[in-house]
Amino acid sequence: MIFENKFIQQRIEKAKLLKEAGHNPYSNDSKRNTTVEKYLNVNSDVVDMEEKRDEKRHYIVSGRIKLLRIMGKASFVKIEDESGMLQIYVARDNLPKDFYNTMFKKNIEVGDIIEVGGYPFVTGKGELSLHADSLSILTKAISPLPEKFHGITDKEIRYRKRYLDLIMNAEVRKTFQTRSKVISLTRRFFEDKGFLEVETPMMHPIAGGANAKPFVTHHNALGIDRFLRIAPELYLKRLIVGGFEAVFEINRNFRNEGMDATHNPEFTSIEFYWAYKTYKDLIDITKEYFQYLFEHLDLPTVLPYGDMEVNFENFQEIPLIESLTTIGGVPAESCNDKESIIAYLKSKNISVKPGMNFGQLQGELFDEFVEEKLIDPTFITEYPVEISPLARRSDENPAITERFELFIAGREIANAFSELNDPIDQLSRFEGQMEAKDCGDDEAHEMDSDFVEALSYGMAPTAGQGIGIDRLVMLLTNEHSIRDVLLFPAMKPVSNEEQTTQDEEN
RNA sequence: GUCUUGUUAGCUCAGCUGGUAGAGCACGUCACUUUUAAUGAUGUGGCCGAUGGUUCGAAUCCAUCACAGGACACCA
C-alpha cells in the first residue's frame, strides 16, 4: 500500500481531525492578497519605525511551511511561496479561542500549505515578519518533507521526484528560472531580428538532418512507421526554399543513443536559417546573441564553470588546421597528410580506426588535442569537407567548408555553416551516405529525395546554425550534468519483477 | 557498451577483520509568548535494494540481478 507508512498515517489522521473541526484540509478558498516578495518590499520601511510595527496595515499571504518553531503559547513559522520565504509570528491569544492549542499545534505542521493574515512587524533579532491574527490550512501534506537542514541530496530521488527537489532546493528553482529566461530571451532576440518562429514536424517519415539513431513509433491510421525527429534542419530549409528568409525553431530533438552527463534522449535546440547570409554573418550574430543574453540575464561576463573561468568578452576565431598546431601543440609536419597524422596519433597511444580519411583524421586530432583547451568562446572555422556533409564548400579551397563550431569551456555549443544548396551535390552526398549505410554504418544519413527535390526549385544562399540550449544553460548556471538543467530527465523505470520478466521475454 | 563506487528509519548518514541494528533531523508526549537548523526532557520508528550461496550464525563475505552516481567509448 502506498500510504502505509506510519508518518503518513499520522498525517492522514490530522487531516481528518481538521476536517471534523470544520477546517477543510484541501480548501479552495484562498484569500491571498500579496506575495511574500511584495510583502517584504512594501513593508521594508517598518524596520525604521520606532514601534517596529504598523498595526494599521493588513496582508494575507500563503505558502508552504518550511520551518516550525513552537514555543509554548507562541510560535514562529517560516512559510515559502514562489517569490520567497517569510517569517510568521503566531501567538495563541491572537487567534480564535482554542484554535492555537487544538488545531495549530496539533494538526498543522511542516509541509502544509497555509494562509496567514496579519500586520508587519520586526522581531527583536531584526527580521521583518508578519504578526498573525488569522491562520488557516489550505492544503494538508500527508507525506512528510525531507529533513530541514540537509534537505534532499540523493540525485536519484531529486530527478525522479523533481517536485521534492524544487520544494527543498531554492537554487534548483533558480536554475530552471534561468533556463526559462534563456529560452524566452532567445526567442525575443531572433524575433527582434525579423526571424519567424516556426514549428516543423516532430514525427518524420525519414529521420534526417543529422547522423543519429532515431526513435520509431507507429501511425495506425496510415499503417506506417514514423521517426521522432533527430533534427529539424531539412524542414527548415524547405521553408527557405518556400521563400521565408529568416526562420527559427526552438524545440526538442530525439536521439536513440546513450545517456550521460551531457546527453539526454530528448534535448532542446534552436536552429535558425538566414537567407542571403554566410557563416561569417553567423559569427557576428552569435557574438551579439551572447552579449544580449548576458545583458538581460544580468550576468558578469566572466563566469566560473567548475575549475574554469570563462571570459565571454574574449571571443576567438581560428581555422581548425591552425588550431591543431597553435592550440593543440601538434607539430605542423604531423598535420599535413594521412600518414603523418596516423603516425602522430599512434605515437600518442591513440587508436586509429582503419579507413579514416584525411578530414576525419584532422577531426580526430582536433578532438584529442584542441577541444578541451578551448575555454573562452572560440569559433573553430574551415572544417574539412569530409566531416561536413551538409555544408557549402569554400570557393577558394574546395577541401574545406564554410563552417564553424563554437566551443566554450571545452565543449561544443553551436554548429553553423553556409548551407549546401546545390541539389546535384546534395543528391550525390546522400548517395554517399547510402553506400556507407550499406557497408554497415547504421547512423549514416537516409536518402531524402523529397528534400533534394525541394532544393531543385532553388534555395537562396543561406546560413544556418544550431545551438544546444541545454548545454548553454549548463554553462550559464555552472551545472555539470544535463539532468540538472532538465526538469524531468530521462530515468530508467524502477521495475518490479513482473515487468523485468516481460522485458526479458521481449 | 566497458570499468568503478554506492543502495541501512520519512530525510542526512554511522555501523571496523561476520555474533540478528545506531545517531541527528523529522514524528509522538511534556515544558516554554521574540525564535533563526530554537531549546530541554522523554518515547515510537527498520525484511539493512532483490535473489541465491558460504557459515552454527550475514547489513557485513561471495555470485547474479535491479536502480543510481562517476569515468571511458559513441553522439549534441
Side-chain angles (χ1 to χ4, degrees), chain A residues 3-11 13-14 52-53 66-78 85 87-94 100 105-106 109-111 121-127 129 131 141-161 164 167-168 209-213 230-231 252-271 350-351 353 367 405-407 411-415 442-443 466-472 474 480-483 489 491-497 499-501 503-504:
Chain A
F3 293 137
E4 71 187 5
N5 176 283
K6 75 160 193 171
F7 296 109
I8 296 178
Q9 285 299 325
Q10 254 170 28
R11 284 171 168 258
E13 181 61 24
K14 290 179 183 184
K52 299 284 181 195
R53 64 186 59 214
K66 298 298 287 288
L67 287 168
L68 188 52
R69 293 185 279 274
I70 298 179
M71 297 177 308
K73 298 177 190 65
S75 301
F76 287 91
V77 188
K78 291 253 174 158
M85 185 102 79
Q87 176 166 271
I88 312 290
Y89 177 74
V90 183
R92 184 193 65 183
D93 299 338
N94 297 322
Y100 181 83
K105 273 168 75 174
K106 293 292 178 190
E109 58 203 316
V110 172
F121 83 115
V122 176
T123 64
K125 297 284 162 66
E127 182 169 346
S129 307
H131 200 115
I142 61 168
S143 285
L145 287 183
E147 196 238 6
K148 63 186 171 191
F149 185 55
H150 297 93
I152 185 159
T153 62
D154 184 312
K155 286 196 167 165
E156 183 168 359
I157 303 177
R158 287 189 43 220
Y159 297 147
R160 287 191 196 279
K161 303 185 180 178
L164 270 186
I167 291 172
M168 299 306 294
N211 295 341
K213 285 182 207 147
I230 56 176
R252 229 68 68 80
N253 297 315
F254 307 86
R255 298 194 183 173
N256 206 340
E257 290 164 352
M259 295 154 61
D260 62 27
T262 55
H263 296 87
N264 194 68
E266 48 183 309
F267 64 100
T268 301
S269 69
I270 173 169
E271 285 201 15
I350 296 158
S351 65
K353 281 186 210 133
D367 292 346
E405 289 195 340
L406 173 62
F407 292 86
R411 203 176 273 158
E412 186 197 332
I413 282 292
N415 181 20
D442 56 359
E443 288 191 357
I467 303 173
I469 296 290
D470 310 290
R471 291 184 181 180
L472 176 61
M474 285 168 70
H480 293 256
S481 169
I482 195 168
R483 291 179 174 141
M491 300 290 280
K492 273 199 189 182
V494 188
S495 56
N496 59 33
E497 274 181 58
Q499 283 171 329
T500 311
T501 318
D503 288 347
E504 280 161 4

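Within every chain, numbering begins at 1; the chains are lettered A, B, ... in the order of the sequence lines, protein sequences first and strands thereafter. Since we're looking at a predicted model, the values are computed, not measured.
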Just to be sure I understand the rule, does [X] reach a base, reach only the sugar-phosphate, or reach nothing, if contact means heavy atoms closer than 4.0 Å?
| X | result |
| --- | --- |
| A:Gly466 | nothing |
| A:Arg483 | sugar-phosphate |
| A:Met491 | sugar-phosphate |
| A:Lys78 | base |
| A:Asp93 | base |
| A:Phe121 | base |
| A:Gly124 | base |
| A:Thr123 | base |
| A:Asp154 | sugar-phosphate |
| A:Asn264 | base |

If a pair means Watson-Crick or G-U wobble with both distances below 3.5 Å, what does RNA chain B look like in dot-bracket form, with | marking bases paired to a different strand?
(((((((..((((.....[..)))).(((((.......))))).....(((((..]....))))))))))))....

Please pick, from [options], the nucleotide with the shortest atom-to-atom distance to any side-chain atom of [X].
| X | options | answer |
| --- | --- | --- |
| A:Glu156 | B:U34, B:C67, B:A38 | B:C67 |
| A:Lys492 | B:C11, B:A37, B:A68 | B:A68 |
| A:Arg69 | B:A38, B:U12, B:G70 | B:A38 |
| A:Arg53 | B:U34, B:C67, B:U36 | B:U34 |

Summarise protein proximity over nucleotides 21-32 of chain B in one line of letters, 5' to 3': B for base, S for sugar-phosphate only, - for none, counting protein heavy atoms closer than 4.0 Å.
---BBBSSSS-B

Report the relative orientation of the aromatic rings in A:His131 and A:Phe121; use parallel for angles under 30°, tilted for 30 to 60°, perpendicular for over 60°.
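Geometry flag for A:Phe121 against A:His131: perpendicular rings.
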
Taking N and O atoms by type only, does the side chain of A:Tyr89 place a donor or acceptor under 3.5 Å from a partner on the base of B:U35?
no

Test salt bridge (charged side-chain N to carboxylate O under 4.0 Å, His left out) applied to A:Lys105 - qualifying residues, sequence neighbours left out
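None.
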
Between P of B:G10 and CD of A:Gln9, the distance in whole Å:
14 Å

Using whole Å, what does the distance between atom P of nucleotide B:C74 and atom CZ of A:Arg411 come to?
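Value for this atom pair: 16 Å.
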
Looking at A:Arg69, I'd like to know if its CZ atom is crowded, meaning that more than 12 non-hydrogen atoms belonging to other residues, nucleotides or ligands lie closer than 6.0 Å.
yes

